[in-house]
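Below is one structure, written out as structure tokens; the observations come after it.
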Amino acid sequence: MQFVRVNGITLHHQIIGGPANRPVIVFINSLGTDYRIWRDVLVRLAGDCPLVAYDKRGHGLSDVGSAPYNIDDHVDDLIGLLEHLQVSQAVLCGLSVGGLIAQGLYARRPDLVRALVLCDTAAKIGASEMWDARIAAVETHGIESIADLVMERWFTPHFRRTDNLDYPGYRNMMIRQPAEGYIGTCAAIRDADFTVEAGRIAVPTLCVVGDQDGATPPDVVLGMAKLIPDARYEVIPGAGHIPCVEQPEMLSAMITAFLTPLVSGEKQHG
């Protein structure tokens with residue numbers, strides 16, 4: 001396990017080495033998860049590029065810090081991590097709130113970003129009333145009180161079948177996250193809006209969504225892709241909100257196909 005101190009908190013992260021002439025891919029996890037959701041993608045991409053995954057504040061083994069957060073807190077943490085690792089021109093691969101963090105980092109520090117992979121996310125996710133209701137539910141009854149509803153958005157019915165031993169494991173991942181970190185990040189998502197900034201993105205961008213995503217459905221992700229100049233849009237069949245868990249082979253193949261022209265020096269078109 002690897003840890004670094006940035007912005008007054010300890011971040012848990014993992015580094016997998018790769019060719020020095022390839023861009024570093026940085027994976028940013030979703031609300032209520034830690035970086036283990038990327039495992040089956042990491043093992044498929046290992047050796048092709050250097051890889052970094054980390055637990056954002058309030059999740060996994062990283063510190064909770066002072067909640068509630070705003071999206072800039074998460075962006076500052078990632079900037080601090082990249083600077084500590086001396087990584088520039090990274091490919092940011094963010095899922096859900098991880099996609100918001102990626103957009104926020106690009107808006108602030110485009111010099112650190114070579115390309116974006118925005119998975120199951122949007123320039124603005126959900127309405128304030130929904131996030132306020134979720135915060136209130138967790139504050140009053142705990143994370144487990146909302147778990148089954150969230151699982152319906154995260155995963156397809158096929159994945160949630162009773163004989164799939166992976167399903168209760170990912171449910172456990174969610175309910176065992178620190179409630180304060182979960183609530184704090186809900187507030188960050190509620191208040192984040194990169195609608196204007198999306199039109200200013202000038203690096204190659206891949207927008208990906210599971211065809212059965214119940215949190216950021218395909219039409220929402222397509223709407224974001226249309227805001228971003230020359231963005232590529234892909235739908236992953238047989239996946240909900242977390243395709244890196246349900247369809248890691250397909251997502252990995254899409255990332256590889258997207259990055260191949262960048263690595264070979266060709267211009268990427270949407």
Side-chain angles (χ1 to χ4, degrees), residues 1-3 10-16 25-46 51-64 74 93-99 101 117 119-121 125 134 137-138 141-186 189 208-217 236-255:
M1 293 188 291
Q2 296 162 306
F3 298 91
T10 297
L11 287 183
H12 177 223
H13 63 288
Q14 180 181 27
I15 304 168
I16 301 173
I25 308 177
V26 181
F27 295 88
I28 317 166
N29 56 300
S30 55
L31 173 67
T33 69
D34 53 53
Y35 75 55
R36 289 176 293 184
I37 62 170
W38 297 107
R39 178 192 176 277
D40 290 339
V41 171
L42 296 176
V43 297
R44 286 170 170 82
L45 297 180
L51 309 174
V52 175
Y54 76 104
D55 295 337
K56 65 182 171 293
R57 67 167 60 200
H59 291 71
L61 300 185
S62 293
D63 284 346
V64 171
H74 288 301
C93 181
L95 175 68
S96 196
V97 65
I101 295 168
V117 179
C119 301
D120 300 80
T121 188
I125 301 176
R134 186 177 297 193
V138 174
H141 303 293
I143 293 179
E144 188 154 15
S145 69
I146 64 168
D148 290 335
L149 175 61
V150 171
M151 291 299 111
E152 291 178 3
R153 297 175 178 177
W154 278 14
F155 298 120
T156 63
H158 177 74
F159 189 87
R160 289 184 279 113
R161 68 189 189 278
T162 55
D163 65 333
N164 179 15
L165 298 181
D166 290 349
Y167 174 61
Y170 283 100
R171 189 181 186 279
N172 286 340
M173 178 186 288
M174 177 189 169
I175 66 176
R176 293 176 186 175
Q177 299 298 325
E180 188 177 0
Y182 187 92
I183 290 168
T185 302
C186 284
I189 299 170
V208 179
V209 62
D211 67 340
Q212 298 174 57
D213 187 335
T216 52
I236 299 181
H241 189 55
I242 310 185
C244 49
V245 169
E246 288 198 80
Q247 300 292 345
E249 187 171 0
M250 198 174 304
L251 177 59
S252 300
M254 287 179 178
I255 293 172

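Note that these values count all heavy atoms, side chains included, but never hydrogens, waters or copies made by symmetry. Predicted model, so just to flag it, every value in this text is computed and none were measured.
- Taking every heavy atom of both residues into account, Leu251 and Pro243 meet most closely at CD2-C, 4.4 Å.
- Between Tyr167 and Thr162 there is no side-chain heavy-atom pair separated by less than 4.5 Å.
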Quick one: do Phe159 and Val245 satisfy side-chain contact (heavy atoms from CB on, under 4.5 Å)? Show the steps, please. CA-CA 10 Å; Phe159 189 87; Val245 169; 3.6 Å; yes

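- Taking CD1 of Ile101 as the start and OG1 of Thr121 as the end, the distance is 9.5 Å to the nearest 0.5 Å.
- Between the side chain of Asp120 and the backbone N or O of Thr216 there is no donor-acceptor pair closer than 3.5 Å.
- A distance of 8.5 Å separates CZ of Arg39 from CZ of Arg44, quoted to the nearest 0.5 Å.
- Taking every heavy atom of both residues into account, Ile146 and Ala137 meet most closely at CG2-CB, 3.9 Å.
- Between the side chain of Ser62 and the backbone N or O of Asp55, at least one donor-acceptor pair lies under 3.5 Å.
- A donor-acceptor pair shorter than 3.5 Å can be found between the side chains of Asp213 and His241.
- Between Arg160 and Phe155, the shortest heavy-atom contact is NE-O, 3.0 Å.
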side-chain contact (heavy atoms from CB on, under 4.5 Å) between Val97 and Lys56, worked out: CA-CA 10 Å; Val97 65; Lys56 65 182 171 293; 3.6 Å; yes

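- Within the structure, every pair that satisfies the salt bridge (Lys or Arg N to Asp or Glu O under 4.0 Å) test and touches residues 164-174, not counting sequence neighbours, is listed here: Glu144-Arg171, Asp148-Arg171.
- In terms of heavy-atom proximity, Leu42 sits nearest to Gln14 at CD1-OE1, 4.0 Å.
- In this structure the side chain of Tyr170 never reaches within 4.5 angstrom of the side chain of Ile242, judged on heavy atoms.
- Of all non-hydrogen atoms in Val43 and Asp40, the two that sit nearest each other are CG2-O, 3.5 Å.
- The backbone N or O of His158 lies less than 3.5 Å from a partner atom in the side chain of Arg161, making a donor-acceptor pair.
- For Ile37 against Asn29, the heavy-atom pair with the smallest separation is CD1-CB, 3.9 Å.
- Note: Trp38 and Phe27 have tilted aromatic rings, judged against thresholds of 30 and 60 degrees for the angle between ring planes.
- Shown here are the ring pair (Phe, Tyr, Trp, His ring centres under 6.0 Å) partners of His74, two or more places apart in sequence or in another chain: Tyr69.
- The distance from atom CG of Leu51 to atom CD1 of Ile25, rounded to the nearest 0.5 Å, is 5.5 Å.
- With sequence neighbours excluded, the residues that form a ring pair (Phe, Tyr, Trp, His ring centres under 6.0 Å) with His12 are Phe3, Tyr35.
- Of the possible donor and acceptor atoms, none in the side chain of Gln247 sits under 3.5 Å from a partner among the backbone N and O of Ile236.
- The closest donor-acceptor contact from the side chain of His59 to the backbone of Gly32 lies under 3.5 Å.
- Among residues two or more places apart in sequence or in another chain, the side-chain hydrogen bond (donor to acceptor under 3.5 Å, both in side chains) test is passed with Ser30 by Thr33.
- The main-chain N or O of Gly238 is found under 3.5 Å from a side-chain atom of Asp211 such that the two form a donor-acceptor pair.
- A donor-acceptor pair is defined here as one N or O able to donate and one able to accept, closer than 3.5 Å; no such pair exists between the side chain of Asp34 and the backbone of Leu61.
- With rounding to the nearest 0.5 angstrom, the CG atom of Leu31 is 4.5 Å from the CD1 atom of Ile189.
- With sequence neighbours left out, the side-chain contact (heavy atoms from CB on, under 4.5 Å) criterion links Pro168 to no other residue.
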When the side chains of residues 176-183 are checked against the rest of the protein, which donor-acceptor pairs come out under 3.5 Å, sequence neighbours left out?
{"unit_1": "Gln177", "atom_1": "OE1", "unit_2": "Gly60", "atom_2": "N", "d": "2.8"}
{"unit_1": "Gln177", "atom_1": "NE2", "unit_2": "Met173", "atom_2": "O", "d": "3.0"}
{"unit_1": "Tyr182", "atom_1": "OH", "unit_2": "Arg134", "atom_2": "NH1", "d": "3.0"}

